[in-house]
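Here is the structure we will look at.
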There are 2 protein chains.
Amino acid sequence: MAQKNKLQFIILGLLNQQPLTGYDLTKAFDTEIGEFWQAQHSQIYPQLKRLEEQGYVTHEITVSGAKLEKKLYHVTATGAELLRQWITVGTPDLTATKDEFILKLYFIHSNRDPRLPMMIQEQLRLHTDKLVHLRQRMTVVFPDKALIEAHYGHYLILQHAIGRENYYVTWLKQTLAALPAEQ
Amino acid sequence: MAQKNKLQFIILGLLNQQPLTGYDLTKAFDTEIGEFWQAQHSQIYPQLKRLEEQGYVTHEITVSGAKLEKKLYHVTATGAELLRQWITVGTPDLTATKDEFILKLYFIHSNRDPRLPMMIQEQLRLHTDKLVHLRQRMTVVFPDKALIEAHYGHYLILQHAIGRENYYVTWLKQTLAALPAEQ
DNA sequence: TCTAACATGTAAATCGTTACATGATTGG
DNA sequence: CCAATCATGTAACGATTTACATGTTAGA
């Protein structure tokens, strides 16, 4: 039921790799896993506080410069166990993709609708850009094959995302080509 | 920005095809477009009320049996115009897919993690079932090609969903096959 | 007659985004 | 010295889910 607060597990998973501040976590949601999940700092700081109250993480304060206090968060043993359990239990709920473009398509009834070509071309640009970005990221994160061994999951999901975008682009091209010639 | 209340447009789009009750709309979110968006009746009834206050829909009351009053909603001219605008403006925001399984994969570091085979097999079952269901739906909704003409968008998104699931299943099979042999 | 499906609503809680608010540090 | 980035929080709003609540109708 519900969404079962997945954010907490993502935070635990990230902290389990290395201690991080709330700020670091926020950045990770832009870069590392931004492809698969997003969260703002306004969600992250309160969640860290709750995780600490529940004993899943602790923090130590480090001081930069003269007075800036940073809270560096660590996963506790029970936190690591909670993470392990989340990964180990089944994942039976396939989340429906909420794709606004696809939704709009549903309401277009004729393949002669004059808006179709431009709509598809826009998505083609967007998804092509995303595909380029993902392939770029693959070369940046995994410059040589030795690194794949130690971050296999990360490699898999990048590869998966590339394949997914590749399919999307291919489908858009086919759909565009199959439209009736303009009158 | 934000999510800009897409629900209102979906409701307008559905009502634009034919007048429906709140109950009918709720069912449509389970079957018709459940693949691409979900909403519960607790979201739909208040939204219908707001759309009516804003003049985008109206309702007429029809009576079934002795006393059951149904509210049959219609799109108004301004409602149809609002729908037209939503479809016509660009759709530049690609929503990141929030796939819990993919998220879990990210936190698995070794391709020898003993949980990997069972995790992938579970997803393989789920996505294969979904693929079967989508293909079944295609034959039910479009038993002959003549129907595609009149519901082209619906055809496209079903075809897209089938291709997407097909890719997912293929990728899962490949990933499973590429795992190191059990020790 | 009884049960599944029809039909419509509200309340409470949670999740997520945007905006508000403040201050420190680093490098040019 | 100034701007970009680092760093941490809260408030308000909107979106979504789950639960509460009630009554009718059609068909077996």
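In what follows, chains are A, B, ... by sequence order, proteins preceding strands, each numbered from 1. As the structure is a prediction and not an experimental result, all values here were calculated from the model.
With the nearest nucleotide of DNA chain C identified for both A/Ala39 and A/Ala66, A/Ala39 has the one nearer the 5' end.
Linking ILVMFWY side-chain heavy atoms closer than 4.5 Å, directly or via other members, places A/Trp171 and A/Leu179 in a single hydrophobic cluster.
When atom types are taken as modelled, the side chain of A/Tyr167 and the backbone of B/His160 share a donor-acceptor pair closer than 3.5 angstrom.
In this structure, B/Asn5 places its CG atom 16 Å from P of C/dT17, rounding to the nearest Å. One atom, CD1 of A/Ile11, and another, P of C/dC15, lie 12 Å apart when rounded to the nearest Å. Taking atom CD1 of B/Ile10 as the reference point, atom C1' of D/dA15 lies 12 Å away to the nearest angstrom. Rounding to whole angstrom units, NZ of residue A/Lys98 and C1' of D/dT17 are separated by 10 Å. One can place CG of A/Asp30 at 14 Å from C1' of C/dT17, the figure rounded to the nearest angstrom. The separation between A/Gln47 atom CD and C/dT17 atom P is 14 Å, rounded to whole Å. When rounded to the nearest whole Å, the span between CD1 of B/Ile61 and P of D/dT24 equals 16 Å. Atom C1' of nucleotide D/dC6 and atom CG of A/Leu25 are separated by 14 Å, given to the nearest angstrom.
Side-chain contact, B/Tyr56 with B/Glu81: no donor N or O sits under 3.5 Å from an acceptor N or O. Looking at A/Glu149 and B/His109, their side chains never bring a donor and an acceptor atom within 3.5 Å of each other.
With axes fitted over five pairs at each extremity, the angle between the ends of the helix from C/dT1-D/dA28 to C/dG28-D/dC1 is 30° (10° resolution).
A heavy-atom distance below 4.5 Å is found between the side chains of A/Ile87 and B/Met119.
Hydrophobic side-chain contacts under 4.5 Å tie B/Leu94 into a cluster, directly or through other members, with A/Leu126.
Using bins of under 30°, 30° to 60° and over 60° for the plane-to-plane angle, the ring pair B/Phe9/B/Trp86 lands in the parallel bin.
Taking only side-chain nitrogens and oxygens, B/Gln38 comes nearer than 4.0 Å to OP1 or OP2 of D/dT17.
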Going 5' to 3' through nucleotides 3-12 of chain C and flagging B where a protein heavy-atom sits under 4.0 Å of the base, S where only the sugar-phosphate is that close, and - otherwise, we get --SBBBBBB-
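Other residues, nucleotides and ligands place more than 12 heavy atoms under 6.0 Å from the CD atom of B/Gln38. Counting non-hydrogen atoms of other residues, nucleotides and ligands closer than 6.0 Å to CD of B/Gln54 gives a total above 12.
The listed nucleotides are C/dC15, D/dT17, C/dT17; the one nearest the side chain of B/Gln40 is D/dT17.
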